[in-house]
Amino acid sequence: MAKGPTLITIKRAINFGTQLKSFISFMHMILQSLKRYLCTGAIIIFFSLGCQPKSPLTSDILGVTAENAMVVSARKEASAIGLSVMAQGGNAFDAMFATELALAVVYPYAGNLGGGGFMVYRLADGSTGSLDYREMAPSAAHRDMFLDSLGNHDTAKSTLGGGSIAVPGTIKGIFEAHKKFGLLSVEALINPVIELAENGYVVTQKQSERLAQYRDIITQTTGIQTLYTQEINPGDTIKNLALAKTLRQLRDQGQEAFYKGVMAEHMSHYIQAHGGVIQSEDFERYKVYWRDPVSFHYQDLTITSMGPPSSGGICLGQIMGMLESYNLGDLAHNSALYIQHLTEAERRAYADRSHYLGDPDFISIPTQKLLSRSYLDQKMTSFDADWATSSEDISHGPLIGHESDETTHYSIVDPMGNAVSVTTTINGAYGSKLFDPELGFFYNNEMDDFSAKPGTPNMFGLVGGAANAIAPGKRMLSSMTPTIVTRQGQLWQVLGTPGGSTIITTVLQIILNTHHFDMGMQTAVNQPRMHHQWLPDILQFESEGFDAQLLDSLEQKGYKTIQKEHRIIGKVDAIMRHPNGVLEAGADPRGDDTALGF
Ligand code: DON
């Protein structure tokens, strides 16, 4: 059983600090709205602001807690806007709309208008669903578009500039989610985001370092100096007036403003001028899909996650299915034997991912068979605790079937008990590195998630095949794994992470940490993480939290291990609902991630 707090206490003082001046107006708005709750006298408010524990990864720590509602995201401003929406009577879907746009303002590294994502939800009545707003290949895309004259994969083409861009889905995604479930007006949701873009946000140390790291490549790709290529220091305030203008158009004209007419014309011309092939009709053709999520059981848990075109749900289901019959809770957490179990299941699942998974509107995916117990048990019969299986000896089953955190995830629970789990991305850091100075955002480089050439790895080292080959109008296979876990029928966890190919194994480790090792959410998130993805046949570790002796013992059993300096795996933003109803956040100390709740 997970530990839960018995008392809701104010754990950390509200610390506005001089840096947070521009933030005060949001907080004022939230506090005004919170009065309603205070007046009931029934609710003690816990509120923590921008002071997430920057604790060592292994510490045992209770995350931010709240009684009613919570947002955990990559930035405090985005969490605050999402929370303020709920304090005004909005639900988790309203909060999603506002949080997603706020991330586009304050977290251009991954937050976006120029990308796409997936949302998994669970309503208070227990019903679940998912929304696919993944980007789509343009109609002029073709299978070999990233091959050079010798037939080799030209990785620059699939990752940089116009050619790497797929038709963005984010705006349609959030508008559709709002249309189906939202309570507040679009205007009420966008206005605070416009203010944020106009008044600016304060750059953190981490942000400034990242911008410095990518400044030259952004300048080269965009061809001119733009907002994000000036020298930007920690503490500087960035105002994005172009983005504020774009947001005003969306507020006044709705999603059509993005997918039809002047803006779509502009985007297609701009992308073509930078080597891309997207036409304005591609924007008009873009659709989002409400899809059945992938749902499976693990002991007394029910896990609901994203189905194709994300590999997340199926792959997570396969790994957990392979592990279920081993008593992982009896093994020491992160011991060699524990890590072997995870590695061998991960290796086997990723081999299937590579062969079977892709866009379900283009290929047929044997989901039931891939998740069937007999198939998964069969795959683990070759597991030998004394010696590593070689990835060369593993291929997809006979079914007769780098350091990165550049995506972003946010988790929301609203006062009505609805939960929303969203992972959104422009793929690489600052996507294609192509910034649109007129509209104020970066475009994705999601085309690299396709398999450009069978057998050659993409930027995450993932090797794909025909199932994920490029085709016009097709969606590229993703690893994004927005997930919701229930236990004995009750909402237990809302979670997800960025991290490319490591997303699935990161989500896995959080669920196992909480389920088998009784960790609360923040403690689970803080634990060091490992990853294996079949190919390359390398067992990766974060730089902190695994000692040389452990790695040696795995090497002696035939595992090729790697532990790079400064390597982090994933950046989880999660919520756990404790049995007493209290929400506990897990905001990853690996980033600037922040939980806010009331
Ligand atoms: O959809 C995917 O799987 C990738 N585009 C996600 C990219 C990501 O997580 C970037 N951060 N590492």
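Atoms considered below: every heavy atom in the structure, side chains included; atoms not considered: hydrogens, waters and symmetry mates. One-based numbering, in listed order, for ligands and for the atoms of each.
When each atom of ligand 1 is checked for a heavy atom of Ile503 under 4.0 Å away, the hits are 9 (O). Atoms of ligand 1 lying under 4.0 Å from any heavy atom of Ser479, numbered from 1 in the order shown and given with element: 1 (O), 2 (C), 3 (O). If you number the atoms of ligand 1 from 1 as listed, the ones under 4.0 Å from a heavy atom of Thr425 come out as 7 (C).
The nearest non-hydrogen atom to atom 7 (C) of ligand 1, considering only Thr407, Asn458, Asn444, comes from Thr407.
Partner of Thr408 under the side chain to side chain contact (heavy atoms under 4.5 Å, CB included) criterion, out of Thr424, Asn112, Asp593: Thr424 alone. Checking Thr343, Thr505, Thr506 one by one against His531, the side chain to side chain donor-acceptor pair (under 3.5 Å) holds for a single residue, Thr505.
Ring planes of Phe146 and His153: tilted class, angle from 30 to 60°. Taking the six-membered ring for Trp and thresholds of 30 and 60 degrees, Tyr270 and His274 have ring planes inclined between 30 and 60 degrees apart.
Looking at Asp449 against ligand 1, only its side chain comes within 4.0 Å, counting heavy atoms. At a 4.0 Å heavy-atom cut-off, ligand 1 does not touch Leu477 at all. By the criterion of a heavy-atom distance under 4.0 Å, the side chain of Glu446, and not its backbone, is placed next to ligand 1.
Polar contact check, Gly499 against ligand 1: a nitrogen or oxygen pair lies under 3.5 Å apart. Of the polar atoms of Gly500, at least one N or O is found under 3.5 Å from an N or O of ligand 1, judged by distance alone.
The nearest pair of heavy atoms linking Lys433 to Gly428 is NZ-C, 4.4 Å.
In this structure, Pro536 and Gln533 have side chains that are in contact, with non-hydrogen atoms separated by less than 4.5 Å.
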Self-check item: Verdict with supporting geometry, Arg475 and Asp361, salt bridge (charged side-chain N to carboxylate O under 4.0 Å, His left out)
Solution: CA-CA 9 Å; Arg475 279 145 138 94; Asp361 297 333; 5.9 Å; no
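Taking 4.0 Å as the cut-off, Arg134 counts as a neighbour of ligand 1 on heavy-atom distance.
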